Amino acid sequence: MISQHRRSARFGLVFSLLAGVVLPTVAQATPAAPTLAAPASVPWLYVGSDVPHDAQWTFGILPNGLRYAVRHNGVPPGQISVRVVADVGSLYETDAQRGFAHLIEHLTFRDSKYLKSGEAIPTWQKLGATFGSDTNAETSPTETVYKLDVPNASPEVIDTTFKLLSGMIAAPIFTPQGVKTEVPIVLAEMRERQGPESRVIDATRGAFFKGQPLADRSPIGKVETLNAATADSIKAFHDKWYRPDNTVIVVAGDSDPATMVAEITKWFGDWQGVGKKPAQPDFGEPTAPPGTATKDPAKVPVDETAVIVEPDLPRVFNVAILRPWHKINDTIVYNEGNIIDRLALALINRRLESRARGNGSFLAASVDQNRISRSADTTLITVTPLGDDWKAAVHDVRAVLADAMTTPPSKEEIAREVAEFDVSYKVPVETQETQAGSKLADEIAQAVDIRETVANPDTVYGIFKKTIPLFTPAAVLQHTRALFAGTVERAILITPKASDGTAQDVRLAITAPVGAAAGSRLSASALTFADLPAIGTPGKVVDDVPTGLLGIERITLSNGVKVLLWPNDAEPGRIIVRVRFGAGYAAIRPQDAVYAPLGEAALMDSGFAKYGREDLDRLATGRKLSLNFDISDTAFGFYADTRPDDMADQLYLFAAKLAMPRWDEHPVIRALAASRISYESTNGSPMKVLQRDLPWLIRDGDPRFAQPNPAELAKATPEGFRRVWEPLLQTGPIEVDMFGDFTHEAGIAALLRSFGALPVRTSVAPPPLTPHLPAPNVTPLVLTHRGDPDAAAALVAWPTGGGRGLLRESRQLELLAQIYSNRLFDVMREKIGASYSPQVNSSWPLDLSSGGYFAATTQLRPRDLPAFFAATDQIAADLAAAPPSAEEIARVTEPTKQWITRLSTGNGFYLDQLQGGAIEQRKIADLRSILVDSSSTTPAEMQDLARRYLKPGATWKLEVVPEKK
């Protein structure tokens, strides 16, 4: 229970996917709601657990064995989120069935009892669900989850939803033609996922889980088994594992729980499994090499070690300490132990991060514990060397770990982490009224998979508070040692150079004696916000007027700072802050382009006044504070998601960065190293090359939007970083936008002491940014990649426009892009199986006078490039020659309408739309028309846009093909 809330997200290149490779795929009158039966004394999810049942969930089991969990949730209003969890994944397959679990996920959307071939996607779209986000499915090694978020969930829509789902899950139709059509799509998905990372993941999984099914059971399957699949063999697999007593339905949404139970009963109650329920497969367990097992927990036998050479990937050293996975009783005592484990890991990771920020030998390192795919309980160590010397990096990380296993932490260190944990557990309590139904449904689905429970935020926080007395130095030391004990240890070096070492070198790196690192522990500090210097003399409000939109105010401070302020209780416990200053990319000289991404990476870590990043971390202990920075076309920005107790200090941190910036060279040096390492991996696949080069190429080669290459990075220095960014931090104008749970008086007071206390700034307009597409080309521009020789990528783009003068037109083009996307999807994926996920989008920069484009992108085989370019030309010509049908328009307007309606229930939507509106007031008026402009159109309007913009001969084309060997 607690463990699923505290899973660390700091995995390395491989571990982020090892926890379970997930492959996503892209109604009648409701009966009278029955009276809900009294819940059983122990709901099925809580059997064997003493964790208090979350009373907002109603749990039950139908006579056929199907389990369900339902609850009312009104976030967002009018939506229900349905998760159908089938307890089957790639670990359930035989050698001849590799990929069947995932293939069934695809086929389920293709043809079923109530949805014939080709009807599923249009049907869900017309109900307002966007395919790929609202309608999706995922297959992992241990489960398949069908996900559906249905907006505008009237009783009729809810009934239709469950009817269609019942047909898909209980009665899919497997035909030879369906299998023949879908297998090429899955193979296209396989191709799109192939590359250096997938090879490393497969090799690492094979080494770490040697002797277990997980070692070679990727959900995507094998080419030969997929090509050998038949309608009969797929049906046999489905009938074995898709059965009511192997299925859970989770529903969280804006509907009465009794109604949802009635729908589940109506449409799934008659479902019967075929034959006797099969036994769960044996997933095996990690074992030590023969003759090496030991009872000394401090001596873990080392088994598999390997070197994986990938020229286009950076060096990463991964270690796994494995223990057998066992089903646990998710009790309070178990969760107390989990919290102490997480505390021990947090202490180690903080020490590692501190070392990396200094002059350490590694760029990054982390340790995490995870129970992976019901196959092993693992402690995972990831090390990214700062340079070529991976051995020194591994040695230094092991020294920090040795220190943690030798000496207990100080009470001060523990207190610091406890304060961090306190806020991480308290924030969900403060914001639980705004938990989205989709997130709550996902948590139940995850709990079913990992065989644990869920609890409401109050229960989780209460368990944590009662655990605090157990956080003694001795207990943390004991748990630390247990985390690094296990059945077997395995390690892999990923490197671009074969000369870097051998498997024996890897073994020596993790077995060589190492002493405890001196000075790895962080010294105690009592630094508080009260110790910090004042920004200046607090300012005054000179103008405060309503905008006429909701309760948003437009305020001017005495130093010229503009503010959009909206105190509201729509999201209790949450405040969103956005600060804009200067002129963004337009203010950066092209010859200084390398310092733009370095600024995003290192500027905030440089600190302010005499306080560095370690000081900032101490100030943030036990607080919800952020130091985020980004660059847009026309402004630089700070942004944060904070809470009422921390609002004033969050504003201080941002204002202090502008008032008294610090210029520490270490964050810049680290950012340069990270940028070099990142660039090394950009040649490994066509999509990575496209993602790297398209932002600047599509702006006709503007270097400010390019990812710096190694030669450019080699010329960058900390001194150059300061030369560029020091004057930019002094530029105006400044606007602060703050929406959320605060009072008007508190918000004004905090603003006056922070941004109101800054000196007056003079705004100097830089040369205007006027991006534009390159000139049209008949022969595509060719880029190359060094990845899979059977993989390519392509793009075709038409120029459009920019600015707010044609605002409605810019929004209508987004609808045209969705219509175009549906047609391209049908051609490239459904008809010829050339691509798994073609994408179409319209980009219209509202803050610039030019630079817009309409583009289609895909990944495919090199031999399919002509088919893609022919399809894009033909679709454009067809849209210009004849208007789309009313059905096509309904498939895009209804999901867009529902999407905007759902987003508009939160402050983030309004802030995204209005940021900068205190200075450019037209943005406030423009917001009023967004729903009409973006979700209603006519066939004639779509045809007119296609005629004016999607002109033959106006396209700029690009392709990324394999490098010739």
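These numbers were taken from a predicted model, which means no experiment stands behind them.
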Notebook entry, point to check: Do Arg580 and Asp630 meet the salt-bridge criterion of a basic N to acidic O distance under 4.0 Å?
Noted result: no
Next item on the list: Please confirm whether the backbone N or O of Ala602 pairs with a side-chain atom of Ser606, one donor and one acceptor, at under 3.5 Å?
Entry: yes
Check: Closest heavy-atom contact between Phe869 and Leu958?
Finding: CZ-O, 3.9 Å
Notebook entry, point to check: Taking side chain as C-beta onward, heavy atoms only, is Thr857 less than 4.5 Å from Leu690?
Noted result: yes
Margin query: Suppose we call two aromatic rings close when their centres sit under 6.0 Å apart. Are Tyr585 and Phe705 close by that rule?
Written below: yes
Next item on the list: Apply side-chain hydrogen bond (donor to acceptor under 3.5 Å, both in side chains) to Glu894 and Gln898, showing your working.
Entry: CA-CA 6 Å; Glu894 186 61 25; Gln898 297 301 332; 2.7 Å; yes
Note to self: Determine whether a donor-acceptor pair (N or O, by modelled atom type, separation under 3.5 Å) exists between the side chain of Ser678 and the backbone of Ala674.
What the structure shows: no
Margin query: For a quick test of reading the model, state the closest non-hydrogen atom pair linking Thr682 to Gln707 and the distance between them.
Written below: CG2-NE2, 3.7 Å
Next item on the list: Return yes if some donor-acceptor pair links the side-chain N/O of Lys562 with the main-chain N/O of Asp737 below 3.5 Å, else return no.
Entry: no
Next item on the list: Just do the side-chain hydrogen bond (donor to acceptor under 3.5 Å, both in side chains) check on Gln915 and Arg578 with the steps written out, would you?
Entry: CA-CA 7 Å; Gln915 56 180 309; Arg578 178 83 195 193; 3.2 Å; yes
Note to self: If we count only N and O atoms by modelled type, under 3.5 Å, do the side chains of Thr896 and Gln818 hold a donor and an acceptor together?
What the structure shows: yes
Next item on the list: To the nearest 0.5 Å, tell me how far Asp702 CG sits from Leu769 CG.
Entry: 6.5 Å
Next item on the list: Kindly give the heavy-atom pair with the smallest separation between Ile819 and Pro884, and that separation in Å.
Entry: CD1-CG, 4.1 Å
Notebook entry, point to check: If you measure from CZ on Phe854 to OH on Tyr820, what distance do you get to the nearest 0.5 Å?
Noted result: 6.5 Å
Check: Is the side chain of Arg676 donor-acceptor paired with the backbone N or O of Pro710 at a distance under 3.5 Å, no angle test?
Finding: no
Check: How many angstroms lie between atom CG of Asn628 and atom CG of Asp641, to the nearest 0.5 angstrom?
Finding: 9.5 Å
Next item on the list: Please confirm whether the backbone N or O of Leu807 pairs with a side-chain atom of Arg811, one donor and one acceptor, at under 3.5 Å?
Entry: no
Margin query: Taking the ring of Phe629 and the ring of Trp725, is the distance between their centroids below 6.0 Å?
Written below: yes
Checklist line | Closest approach of Pro883 to Gln943 (non-hydrogen atoms, all atoms of both residues) | finding: CD-OE1, 3.4 Å
Next item on the list: Show the numbers, then the answer: is there a salt bridge (Lys or Arg N to Asp or Glu O under 4.0 Å) between Arg861 and Asp790?
Entry: CA-CA 5 Å; Arg861 294 166 295 197; Asp790 199 31; 5.4 Å; no
Margin query: Strictly distance-based, threshold 3.5 Å: is any side-chain N or O of Arg761 a donor or acceptor partner for the main-chain N or O of Thr731?
Written below: yes
Check: Of all heavy-atom pairs between Leu860 and Met828, which one has the smallest distance, and what is that distance?
Finding: CD1-CE, 3.9 Å
Notebook entry, point to check: Within the distance-only criterion (no hydrogens, no angle test), does the side chain of Arg829 pair as donor or acceptor with the backbone N or O of Tyr836 below 3.5 angstrom?
Noted result: yes
Checklist line | Any side-chain heavy-atom pair of Thr717 and Arg723 under 4.5 Å | finding: no
Next item on the list: Report the distance from atom OG of Ser681 to atom CZ of Arg692, rounding to the nearest 0.5 Å.
Entry: 9.5 Å
Note to self: Under a 3.5 Å distance rule, please check whether Ser821 uses its side chain to pair with a backbone N or O of Ala817 as donor and acceptor.
What the structure shows: no
Check: For the residue pair Thr384 and Arg315, what are the closest heavy atoms and their distance?
Finding: CG2-O, 3.8 Å
Check: Does the side chain of Leu187 reach to within under 4.5 Å of the side chain of Arg191, using non-hydrogen atoms?
Finding: yes
Notebook entry, point to check: For Glu712 and Tyr679, does a side-chain donor sit closer than 3.5 Å to a side-chain acceptor?
Noted result: no
Check: How long is the gap from CD on Glu310 to CD on Glu680, to the nearest 0.5 Å?
Finding: 13.0 Å
Next item on the list: Kindly say whether Ala855 contributes a backbone atom to a donor-acceptor pair with the side chain of Trp798 at under 3.5 angstrom?
Entry: no
Checklist line | Distance-only donor-acceptor check, side chains His785 and Asn683, under 3.5 Å | finding: no
Margin query: Using 30° and 60° as the class boundaries, would you call the ring planes of Phe581 and Phe638 parallel, tilted or perpendicular?
Written below: tilted
Note to self: With no hydrogens and no angle check, just 3.5 Å: does a side-chain donor-acceptor pair link Gln812 and Thr937?
What the structure shows: yes
Margin query: Whether the side chain of Glu735 engages the backbone of Ala918 through a donor-acceptor N/O pair (distance < 3.5 Å, no angle test) should be reported.
Written below: yes
Checklist line | Counterpart residues, ring-ring contact (aromatic ring centres under 6.0 Å, His included), relative to Tyr639 (two or more places apart) | finding: none
Next item on the list: May I ask you to test the Lys957-Asp873 pair for a side-chain heavy-atom distance under 4.5 Å?
Entry: yes
